There are 2 protein chains.
Amino acid sequence: MNVSRRATLTDVAHEARVSIKTASRVLNGVETVAPHMRARVLAAASLLGYRPHRGAATMRSGTSDMVGMIIRDMSNNFYSSLAAGAADEAQKHGCLVITCSSEGSSEREAQLTEAIFSQRPRGLLITPTSMTAPLICTEVSFGTPVVAIDEPLEGLDVDSVGFDNLLSTREAVTAAVSIGRRDFAILSDSAALRTMAPRVVGAKEALAAKGLRVRPGMTIPDIHTESQARAATARILSLPRPPDAIFCANNVSALGAAAEIHTSGLNVAIVAFDEFPLSHTQNGPVLVIEHDDRAMGAMAAQLLFDRLADPGRATRHIVVETALRIH
Amino acid sequence: MNVSRRATLTDVAHEARVSIKTASRVLNGVETVAPHMRARVLAAASLLGYRPHRGAATMRSGTSDMVGMIIRDMSNNFYSSLAAGAADEAQKHGCLVITCSSEGSSEREAQLTEAIFSQRPRGLLITPTSMTAPLICTEVSFGTPVVAIDEPLEGLDVDSVGFDNLLSTREAVTAAVSIGRRDFAILSDSAALRTMAPRVVGAKEALAAKGLRVRPGMTIPDIHTESQARAATARILSLPRPPDAIFCANNVSALGAAAEIHTSGLNVAIVAFDEFPLSHTQNGPVLVIEHDDRAMGAMAAQLLFDRLADPGRATRHIVVETALRIH
DNA sequence: CTGTTAGCGCTTTCAA
DNA sequence: TTGAAAGCGCTAACAG
């Protein structure tokens with residue numbers, strides 16, 4: 001037994017004194033093999049420390065066991081939970097997920113789609129940007145399934161999972177108004193995120209329904225780090241007449257707002273699109289739009305495998321449930 | 001132009017009226033190609049929407065552009081930050097990272113190593129368990145580099161990155177004692193995590209040095225979710241004589257402890273191994289052992305690529321810096 | 001139930 | 001500088 005080289009299927013077949021095809025069948029779990037040959041192959045594989053070469057199998061069979069995933073920011077809890085859920089579901093189908101973080105850069109997104117498609121994955125899960133469609137349309141035309149997560153994929157009719165951003169926000173802000181909050185500031189992320197506009201609109205609609213409005217300058221865009229959120233909140237709260245509530249359109253802005261509200265000692269309510277750690281330990285009321293991100297990631301993967309099983313079926317757009325939780 | 005099939009290198013060569021090898025050279029950036037041929041190939045590739053098939057290249061050349069990564073829990077911020085850092089560094093080397101979550105199950109860990117090595121990755125980054133070594137030793141003997149992250153990989157001499165758990169904890173607990181805290185509880189994770197013992201020892205050593213000790217029953221093991229931490233903390237704080245400080249040996253336990261301390265209204269200090277959101281908004285003092293997890297992940301990947309460049313070099317064990325921060 | 005043959009798309013080797 | 005041929009490890013298609 002020579003350990004200096006990786007054992008191939010041919011080596012195993014040789015060792016077991018069977019044909020390479022029989023070895024292949026055994027190691028792929030094909031039933032129609034005589035028990036004594038199966039045993040011989042298994043013994044040989046184990047003896048030689050055989051490990052299949054999926055790349056070779058992929059090349060020949062045309063189907064790999066990988067699913068690509070491109071998310072906006074792997075170190076953001078929302079996106080990493082999506083990835084965790086997708087990986088769970090993929091594992092049920094014997095697939096690995098290649099998860100990459102585009103960091104919001106469309107240049108990097110282009111590189112990553114290129115790199116991922118070069119692996120000939122079963123499909124792609126992506127939190128798309130407005131630049132995504134042209135990157136993937138060729139591949140989609142070859143029948144590779146793509147699922148859009150969180151944001152819509154404009155210009156391409158693919159399966160998707162996402163929230164009803166407008167409705168859930170309207171409901172949450174309405175609840176905040178009903179407990180007496182009238183004067184809102186809004187911390188929003190980049191307008192390039194398609195989820196942001198409906199959230200902001202939802203908030204403003206809820207206010208308008210009660211005859212309220214957001215004062216000029218109190219809608220702060222482009223908040224995508226906690227420290228930006230802290231700076232913006234600190235500025236707002238130090239105004240002569242600070243707001244009595246802040247709607248935080250993403251998870252990092254809620255953390256930053258909570259931190260500064262605590263520092264200021266003011267009683268300011270938080271309405272947050274995402275649950276955040278220690279949200280129930282704040283002084284002012286906290287209204288949170290809860291959602292199960294891990295389940296959302298799993299759902300996206302499920303749509304992908306569903307389509308693989310039935311390529312002709314109509315595209316589906318899943319609206320993930322949210323729940324309002326008041327701390 | 002027929003779009004019904006993916007273009008191969010042969011198609012491109014054909015279209016450009018050059019040999020397949022010349023097309024290969026151009027698309028791999030080999031310099032020794034006449035400019036006019038290069039231009040023809042590039043035009044053809046673009047016309048046909050050519051996308052290379054990395055699996056085929058891997059098979060022939062023997063080296064892939066993937067790095068495997070197995071972490072304990074993708075939805076835990078510590079691990080996802082490691083993954084983000086590793087992905088960054090890998091991208092600099094033109095590699096993709098396949099990140100998988102073992103969920104602390106050694107069975108799943110075994111499946112994942114199997115699946116990942118089947119892809120013939122350049123190397124593996126792993127937060128190992130006590131069961132890891134036998135899973136990877138064959139592959140290591142073939143020269144595939146493995147880097148252990150956070151925990152040591154027992155029984156195998158591989159590169160690693162990790163903390164000085166004992167020393168940093170001792171320092172933090174010493175600081176807590178010096179601000180008047182004497183009576184500690186300890187929330188620890190599973191003893192299977194090799195990082196836990198030194199942290200607990202470090203804490204106890206710091207106390208012993210001041211003539212203090214942890215009361216029997218006040219060292220709680222196996223805390224790995226926030227709700228477990230909350231339950232344990234609630235129980236401890238409702239004792240007739242609650243502690244005046246809690247050492248939280250991982251990030252989720254700190255969140256749970258903070259939540260319950262807030263609810264109880266007691267002045268209990270937190271010493272936490274990891275920074276946590278809103279740590280500065282707690283009533284009691286919070287002492288945090290800070291570390292840059294993203295940099296740690298990047299460092300691990302760097303060790304991997306270093307070794308790829310110089311397979312013979314001695315193994316390196318990087319101790320990642322930590323800093324004590326007092327809120 | 002088992003084996004043979006061909007070839008997936010690419011890179012390597014070697015020759016021109 | 002360019003090209004022809006071989007073959008990486010595996011599976012599909014077809015025989016036996």
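Just so it is clear: chains get the letters A, B, ... in the order the sequence lines come, proteins before strands, and each one is counted from 1. Note that the structure is predicted; figures quoted are calculated from it, not measured.
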Just compare [options] and give me whichever is closest to any side-chain atom of [X].
{"X": "B/M37", "options": "D/dT11, D/dG3, C/dC10", "answer": "D/dG3"}
{"X": "A/S24", "options": "C/dG9, D/dT11, D/dC10", "answer": "D/dT11"}
{"X": "A/S19", "options": "D/dC10, C/dT12, C/dT4", "answer": "C/dT4"}
{"X": "B/A34", "options": "C/dT11, D/dT2, C/dC10", "answer": "D/dT2"}
{"X": "B/S61", "options": "C/dC10, D/dT11, C/dT12", "answer": "C/dT12"}
{"X": "A/V18", "options": "D/dT1, C/dG3, D/dC8", "answer": "C/dG3"}

C/dT2 phosphate, OP1 or OP2: any side-chain N/O from A/T22 under 4.0 angstrom? no
Between B/L82 and the options B/M296, B/M74, B/R72, the side-chain contact (heavy atoms from CB on, under 4.5 Å) test singles out B/M296
Taking atom [atom2] of [N] as reference, at what distance in whole Å does atom [atom1] of [X] sit?
{"X": "B/H53", "N": "D/dC10", "atom1": "NE2", "atom2": "C1'", "result": "12 Å"}
{"X": "A/R25", "N": "C/dC1", "atom1": "CZ", "atom2": "P", "result": "10 Å"}
{"X": "A/R60", "N": "C/dC10", "atom1": "CZ", "atom2": "P", "result": "15 Å"}
{"X": "B/R40", "N": "D/dT1", "atom1": "CZ", "atom2": "P", "result": "16 Å"}
{"X": "A/R38", "N": "C/dT2", "atom1": "CZ", "atom2": "C1'", "result": "13 Å"}
{"X": "A/R120", "N": "C/dG9", "atom1": "CZ", "atom2": "P", "result": "8 Å"}
{"X": "B/I20", "N": "D/dT1", "atom1": "CD1", "atom2": "P", "result": "21 Å"}
{"X": "B/R5", "N": "C/dC8", "atom1": "CZ", "atom2": "P", "result": "9 Å"}

CG of A/D65 to OG of B/S118, rounded to nearest 0.5 Å, is 7.5 Å
Could you tell me the separation between the CD atom of A/Q119 and the CZ atom of B/R54, rounded to the nearest 0.5 Å?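 Reported to 0.5 Å precision, the distance equals 7.0 Å.
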B/K21 or B/G55: which one's nearest nucleotide on DNA chain C is closer to the 5' end?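 Of the two residues, B/G55 wins.
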Does atom NE2 of A/H14 have more than 12 heavy-atom neighbours from other groups under 6.0 Å away?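 Atom NE2 in A/H14 is not packed in, count stays at 12 or less.
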The answer to which of B/R17 and B/M59 contacts DNA chain D further toward the 5' end, by nearest nucleotide, is B/R17
So, the side chain of B/R307 versus the backbone of B/R313: is there a donor-acceptor pair under 3.5 Å, distance only? yes
